[in-house]
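Below is one structure; the comments refer to it alone.
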Amino acid sequence: MNESPDPLLDLLHLLDLEQIERDIFRGESRSALVPRVFGGQVAAQALVAAGRTVPDDRGAHSLHSYFLRAGDPGAPIVYTVDRIRDGRSFTTRRVVAVQHGQPIFHLSASFQSHEEGMEHQAPMPAAPDPETLPTAAEMLPRYADRFSDPGVVDRLIEARAAVDLRYVDAPPFGTVGEAREPRSQVWFRTNGKLADDPLLHVCMATYVSDMTLLDSVLLAHGRGGWAVGDVVGASLDHAMWFHRPFRADEWLLYDQESPSASGGRGLGQARIYTADGRLAITVIQEGVVRIPRG
């Protein structure tokens with residue numbers, strides 16, 4: 001396994017886009033577990049591009065996005081930002097990600113200046129202390145026999161080296177053939193401290209949010225996932241609402257469930273809570289989830 005000595009620094013470099021014109025940015029790509037760019041990378045980079053055209057006193061409060069084509073990990077991605085609206089309280093940006101002359105991803109993001117207002121939230125569900133759960137490096141080798149490719153475990157560990165992601169219960173590939181409740185919980189935080197930049201923490205959470213959200217779809221049907229090879233698929237769209245301040249370098253509980261799967265698509269919805277119980281983010285994603293033919 002060719003793991004970087006500082007995977008978090010590598011990820012931060014990946015999210016640090018090069019500005020090539022006033023509203024045009026370029027980002028690097030890197031391969032994922034499948035031969036395309038990881039969707040969370042594109043979404044996070046697009047949000048970085050949008051955020052760099054917005055005043056510092058306006059934080060991201062929502063994003064809505066569509067994955068249009070598989071990204072080429074061997075080529076850079078160009079992000080063009082449209083300044084849709086700059087209002088008294090809200091700023092709206094649209095971002096198109098392009099590779100090889102074709103759009104691969106669209107993002108609309110909205111930013112808001114701080115306001116006081118009414119407060120309520122759904123309560124945080126019960127979950128064990130993350131420090132009592134195994135790390136990816138401790139957990140993944142237990143399931144090595146589930147993967148036809150012996151290198152998958154090392155690649156999974158390497159892909160998640162910048163993030164400490166811990167499953168509350170066995171992941172889908174841990175219970176292949178066993179249909180379970182379509183619900184999954186993971187704790188996550190970055191493997192290292194981040195700067196005090198709210199946009200960075202929002203973009204880091206966006207990156208992680210695409211890692212496990214469709215797990216609950218797989219659990220409902222006893223499927224192990226893309227690495228096992230008993231399903232094929234990809235993200236179709238992804239939406240997030242950022243409710244309250246949080247830090248991505250502190251523990252966050254990702255409570256996920258799937259209310260529906262049909263037509264070759266599966267829907268995942270989730271809430272992300274801080275360790276002290278504040279509802280920080282709501283996430284919804286739909287993806288293609290198909291059983292391989294033959």
Side-chain angles (χ1 to χ4, degrees), residues 8 11-12 15 39-41 43-48 50-51 54 56-65 89-91 107-131 133 160 162-168 183-216 235 237-259 267-285:
L8 180 57
L11 178 54
L12 292 172
L15 298 182
Q41 174 203 309
Q45 287 180 328
L47 188 57
V48 169
V54 175
D56 291 340
D57 63 346
R58 298 197 174 187
H61 78 84
S62 70
L63 66 83
H64 302 264
S65 61
S89 300
F90 291 88
T91 293
L107 172 90
S108 292
S110 185
F111 301 77
Q112 181 189 15
S113 57
H114 176 74
E115 289 187 26
E116 298 293 337
M118 296 180 288
E119 279 277 344
H120 78 274
Q121 68 162 71
M124 182 179 182
D129 184 332
E131 300 290 352
L133 302 172
R160 297 178 177 182
V163 179
D164 189 348
L165 190 148
R166 306 190 186 192
Y167 280 88
V168 170
R183 188 181 181 94
S184 176
Q185 288 182 325
V186 298
W187 285 97
F188 73 88
R189 66 180 177 185
T190 57
N191 265 321
K193 297 297 290 183
L194 299 175
D196 296 331
D197 176 0
L199 178 63
L200 175 60
H201 291 263
V202 165
C203 291
M204 195 65 71
T206 300
Y207 178 88
V208 178
S209 69
D210 191 39
M211 287 184 173
T212 62
L213 186 50
L214 297 182
D215 279 2
S216 50
S235 301
D237 54 20
H238 195 87
M240 303 179 73
W241 293 261
F242 304 99
H243 308 300
R244 294 171 180 84
F246 63 91
R247 293 189 65 93
D249 55 8
E250 297 178 353
W251 285 119
L252 296 169
L253 176 66
Y254 200 4
D255 186 62
Q256 306 153 97
E257 64 178 343
S258 175
L267 184 70
Q269 59 186 26
R271 292 168 176 163
I272 299 179
Y273 293 85
T274 61
D276 61 0
R278 291 176 293 115
L279 177 58
I281 311 169
T282 297
V283 191
I284 297 179
Q285 181 185 79

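No hydrogens, no waters, no symmetry mates; every other heavy atom, side chains included, goes into these values. Just so it is clear, the structure is predicted and the values come from calculations on it, not from any experiment.
With hydrogens and angles disregarded, no donor-acceptor distance shorter than 3.5 Å links the side chain of Ser235 to the backbone of Asp237.
Between Ser184 and Ser216, the closest heavy-atom pair is N-CB, 4.4 Å. Considering every non-hydrogen atom in both Phe242 and Ala60, the closest pair reads CB-O, 3.5 Å. Residues Tyr254 and Ala270 approach most closely at CE1-CB, 3.3 Å, considering heavy atoms. Closest of all the heavy-atom pairs between Val168 and Pro128 is CG1-CD, 3.6 Å. In terms of heavy atoms, Ser62 sits closest to Trp241 at CB-CD1, 3.8 Å.
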Given Phe188 and Met211, is the side chain to side chain contact (heavy atoms under 4.5 Å, CB included) satisfied, shown in steps?
CA-CA 11 Å; Phe188 73 88; Met211 287 184 173; over 6 Å; no
Determine whether Arg247 and Asp196 satisfy the following criterion, side chain to side chain contact (heavy atoms under 4.5 Å, CB included), listing intermediate values before the conclusion.
CA-CA 9 Å; Arg247 293 189 65 93; Asp196 296 331; 2.7 Å; yes
With side chain to side chain contact (heavy atoms under 4.5 Å, CB included) as the test, would you mind laying out the steps for Arg278 and Met124 before giving the verdict?
CA-CA 7 Å; Arg278 291 176 293 115; Met124 182 179 182; over 6 Å; no
Determine, step by step, whether Thr212 and Arg160 satisfy the side chain to side chain contact (heavy atoms under 4.5 Å, CB included) criterion, reporting the C-alpha distance in whole Å, the side-chain angles of both residues, the deciding distance to 0.1 Å, and the verdict.
CA-CA 11 Å; Thr212 62; Arg160 297 178 177 182; 4.3 Å; yes
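When side chains are defined from C-beta on, Gln269 does not count as touching Leu213, because their heavy atoms never get closer than 4.5 Å. For the pair His238/Val283, a side-chain contact is recorded, criterion being any heavy-atom separation below 4.5 Å from C-beta on. Between Arg244 and Gln121 there is a side-chain heavy-atom pair separated by less than 4.5 Å. At a threshold of 4.5 Å between non-hydrogen side-chain atoms, the residues Leu63 and Val202 do not count as touching. Using a 4.5 Å heavy-atom threshold, the side chains of Leu11 and Tyr207 count as touching. No side-chain heavy atom of Thr91 sits less than 4.5 Å from a side-chain heavy atom of Ser110. Looking only at side-chain heavy atoms (C-beta outward), Met204 and Leu12 come within less than 4.5 Å of each other. Side-chain contact between Leu133 and Trp187: present, with at least one pair of heavy atoms (C-beta onward) separated by less than 4.5 Å.
In summary, Arg166 and Asp164 engage in a salt bridge, as defined by a charged side-chain N under 4.0 Å from a carboxylate O. In summary, Glu115 and Arg58 do not engage in a salt bridge, as defined by a charged side-chain N under 4.0 Å from a carboxylate O. We find that Glu257 and Arg271 are not joined by a salt bridge, their nearest charged nitrogen and carboxylate oxygen being 4.0 Å or further apart. Comment: Asp249 does not engage Arg189 in a salt bridge, judged by the lack of any side-chain N to carboxylate O separation of less than 4.0 angstrom.
With Phe246 as reference, Ile281 is the one residue of Leu279, Ile272, Ile281 to meet the side chain to side chain contact (heavy atoms under 4.5 Å, CB included) rule.
From Gln285, atom CD reaches atom CG of Asp210 across 4.5 Å, with rounding to the nearest 0.5 Å. Separating the CG atom in Leu47 from the SG atom in Cys203 is a distance of 4.0 Å, to the nearest 0.5 Å. Separating the CG atom in Asp56 from the CG atom in Leu199 is a distance of 9.0 Å, to the nearest 0.5 Å. From His61, atom NE2 reaches atom OG of Ser89 across 10.0 Å, with rounding to the nearest 0.5 Å. Rounding to the nearest 0.5 Å places OG1 of Thr206 at 4.0 Å from CE of Met240. The distance from the CG atom of Leu8 to the CG atom of Leu194 is 5.5 Å, given to the nearest 0.5 Å.
Side-chain polar atoms of Gln112 and His114 form no donor-acceptor pair below 3.5 angstrom. Side chains of Thr274 and Glu250: no donor on one and acceptor on the other come within 3.5 Å.
Phe111 pairs by the ring pair (Phe, Tyr, Trp, His ring centres under 6.0 Å) definition with nothing, not counting sequence neighbours.
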